[in-house]
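Working notes for the structure below.
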Amino acid sequence: MSGSLWLKPPTTNPPLPAVPRAPAPAPPPSAGPGTAVDPLDELAARLDAFVATAVHPDEIAALLEADGMTDDHIRLTYGRNDSFALAEDLYARVERSHPAPPAEAADGPPWSEGLGGCLVRGLVFALPGLAYVLAGPLLAGPQGRYGLPAGTVPLLAGAVTGWVWNQALAHRAYTWLGLGDRAAAARALLTGAPAGALAGTAVAVAAARDGELPAAAFAAGQSLYLAAATVLLVLGRERALLATLLPLAGALPALRWDLPDPLRAALPALSLTAACLVAARALRPGLARGAAGRGGPPLAASVPYGLFGLGSGVLVLHAGLGDPLAAGTGAVIALTLSMGPAEWLLHRFRGAGLARLRTLTTAREFRRAVTGTLVLCLGGYLTVLLALTLGAALLRPGTPWPTPDRLPVLLLIGTVLWLGLLLQSFGAVTTAAAVCLLAAAAQTLEPAAGPLAAGGAAAVLAVLSRVLLVRPTAHRP
């Protein structure tokens with residue numbers, strides 16, 4: 001399976017923009033030359049455009065605090081105790097008014113992405129799994145450890161290392177892109193991607209035992225691929241990456257017929273070489289000399305994204321370690337392919353939230369609308385995941401139908417992943433990472449507690465999503 005499926009762009013909302021200050025209105029004609037203008041009237045006129053579109057007074061309070069207004073200044077100037085009291089007065093004083101949606105740019109509105117593009121990403125996430133189909137017979141060896149097939153431990157160790165490293169690296173590079181510095185993003189990838197490949201290879205080799213050298217060599221190639229895929233996904237070269245994976249389609253006949261060993265080795269090597277060459281070409285801007293971007297993102301800011309990659313990766317691995325192995329493979333295929341539709345539904349949720357800000361006039365209406373959208377998007381994702389799970393069992397020979405005890409766990413893990421990605425996209429990555437790590441640790445320490453751990457994590461993330469994302473301020477662009 002592909003370790004690149006967790007590379008999601010950081011989508012934390014930027015701070016609220018400062019509202020342009022209109023000049024204070026002139027005193028009414030009836031007022032004498034010595035008549036003073038009410039400071040609250042002046043503030044209401046200056047912030048009229050923002051206050052009129054606010055769904056809740058808290059939005060106005062956030063703007064006042066961002067504008068540098070302290071409680072002491074508010075008490076002396078406006079006679080109110082704090083920013084919240086002042087915001088409530090402004091909210092009551094200004095009539096609600098929502099402007100028409102702005103004209104969309106040629107490349108689409110913010111947070112819009114076509115379903116086709118997301119499905120391409122889903123294929124890119126899933127196709128590397130065919131390399132395991134091709135190389136499987138070449139990795140056969142002595143009895144594996146912990147009841148797993150031979151070579152599984154080094155492969156899993158390298159994959160988890162790649163998930164953690166590349167998720168953090170992707171966040172850092174995406175942050176540079178968000179700052180408008182594509183060259184700095186390329187430099188970050190140019191340095192971080194090879195380091196991640198080396199780290200994954202070193203961990204896999206260290207985890208290998210006698211007779212697992214072929215698996216360690218395959219894990220090294222896996223680490224190289226993850227590094228190249230990270231580069232191409234972050235830089236928006238999904239279709240180029242998809243083209244490099246086309247040789248892996250030779251694995252489809254291997255599902256029914258035996259293939260010569262040289263061909264089984266050559267097809268993954270061809271895809272790996274093509275991916276590395278295309279990634280190297282995409283990184284040429286990072287080779288240009290120039291001063292590194294000033295005020296760049298701190299390294300510590302990317303750590304929670306790496307931890308989220310660790311927790312979500314371990315959960316997916318547990319879903320794939322089924323008994324029999326074919327059942328687990330079908331679950332991993334379904335989870336991997338579902339990441340494309342999952343990403344599209346994340347965009348739909350964010351776009352719907354922005355639309356509700358323009359059309360609804362009360363906080364209660366907004367909460368109800370966002371809650372309904374959250375339920376629909378999550379339900380849509382789980383429907384897709386269920387269909388893919390059943391499709392994998394139907395299309396792949398030897399894959400059994402999911403049992404009644406495994407299917408609910410798979411759907412719970414899917415719920416954890418989608419809600420975690422949703423919270424991450426709104427900047428609550430630390431919370432999502434903590435919940436995923438706790439669930440992964442519980443399932444690792446006590447495999448029998450898998451359903452309870454996944455169910456508890458899904459419930460916690462559902463509550464957090466409902467609490468955090470029904471606030472209008474969370475959706476302000």
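Nearest approach of Ala433 to Pro304, heavy atoms of both residues: CB-O, 3.7 Å. Residues Ala282 and Leu235 approach most closely at O-CD1, 3.6 Å, considering heavy atoms. Annotation for Ile413 and Ala454: closest pair CG1-CB, 4.2 Å, computed over non-hydrogen atoms. For the residue pair Asp181 and Ala184, the shortest heavy atom distance occurs at OD1-N, 3.0 Å. The two residues Ala457 and Val416 come nearest to each other via the heavy atoms CB-CG2, 3.8 Å. Across every non-hydrogen atom of Ala442 and Ala453, the tightest pair is CB-CB, 3.9 Å.
Annotation: side chain of Glu343 is not in contact with side chain of Tyr381 (no heavy-atom distance under 4.5 Å). Between Val234 and Leu177, some side-chain heavy-atom pair lies under the 4.5 Å cut-off. Side-chain contact between Leu310 and Trp163 is absent, with no heavy-atom pair separated by less than 4.5 Å. At least one side-chain heavy atom of Phe349 sits less than 4.5 Å from a side-chain heavy atom of Phe426. Contact check for Val278 versus Arg237: no side-chain heavy atoms found under the 4.5 Å cut-off. The shortest distance between side-chain heavy atoms of Arg466 and Val370 does not fall below 4.5 Å. Leu423 has its side chain within reach of Ser465: a pair of non-hydrogen atoms, C-beta onward, lies under 4.5 Å apart. In this structure the side chain of Cys377 reaches within 4.5 angstrom of the side chain of Thr373, judged on heavy atoms.
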Intermediate values then yes/no, side-chain contact (heavy atoms from CB on, under 4.5 Å), Trp418 and Leu378
CA-CA 7 Å; Trp418 193 83; Leu378 177 58; 3.9 Å; yes

Audit row: Glu238, Leu233, side-chain contact (heavy atoms from CB on, under 4.5 Å) steps and yes/no
CA-CA 6 Å; Glu238 293 92 345; Leu233 287 173; 3.7 Å; yes

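Every residue two or more places apart in sequence or in another chain that forms a side-chain hydrogen bond (donor to acceptor under 3.5 Å, both in side chains) with Ser302 is listed here: His171. Partners of Arg281 according to the side-chain hydrogen bond (donor to acceptor under 3.5 Å, both in side chains) rule, which considers only residues two or more places apart in sequence or in another chain, do not exist here. Judged as a side-chain contact (heavy atoms from CB on, under 4.5 Å), and not counting sequence neighbours, the contacts of Leu169 are Trp165, Asn166, Leu189, Ala193, Thr230. Under the side-chain hydrogen bond (donor to acceptor under 3.5 Å, both in side chains) criterion, Thr383 pairs with no residue, sequence neighbours left out. Every side-chain contact (heavy atoms from CB on, under 4.5 Å) that Ala188 has, sequence neighbours left out, goes to Trp176. Under the side-chain hydrogen bond (donor to acceptor under 3.5 Å, both in side chains) criterion, Ser223 pairs with no residue at all, not counting sequence neighbours.
In this structure, CD in Gln222 is found 9.5 Å from OG1 in Thr161, a value given to the nearest 0.5 Å. Between atom CG of residue Leu422 and atom CG of residue Leu345 there is a gap of 10.5 Å, rounded to the nearest 0.5 Å. Taking CE from Met339 and CG from Leu417, the interatomic distance works out to 5.5 Å, rounded to the nearest 0.5 Å. Separating the CG atom in Leu248 from the OG atom in Ser271 is a distance of 3.5 Å, to the nearest 0.5 Å. Here the straight-line distance linking atom CG of Leu464 with atom CG of Leu419 works out to 9.5 Å at 0.5 Å rounding. Once rounded to the nearest 0.5 Å, the distance linking OG of Ser338 with CG of Leu388 reads 6.5 Å.
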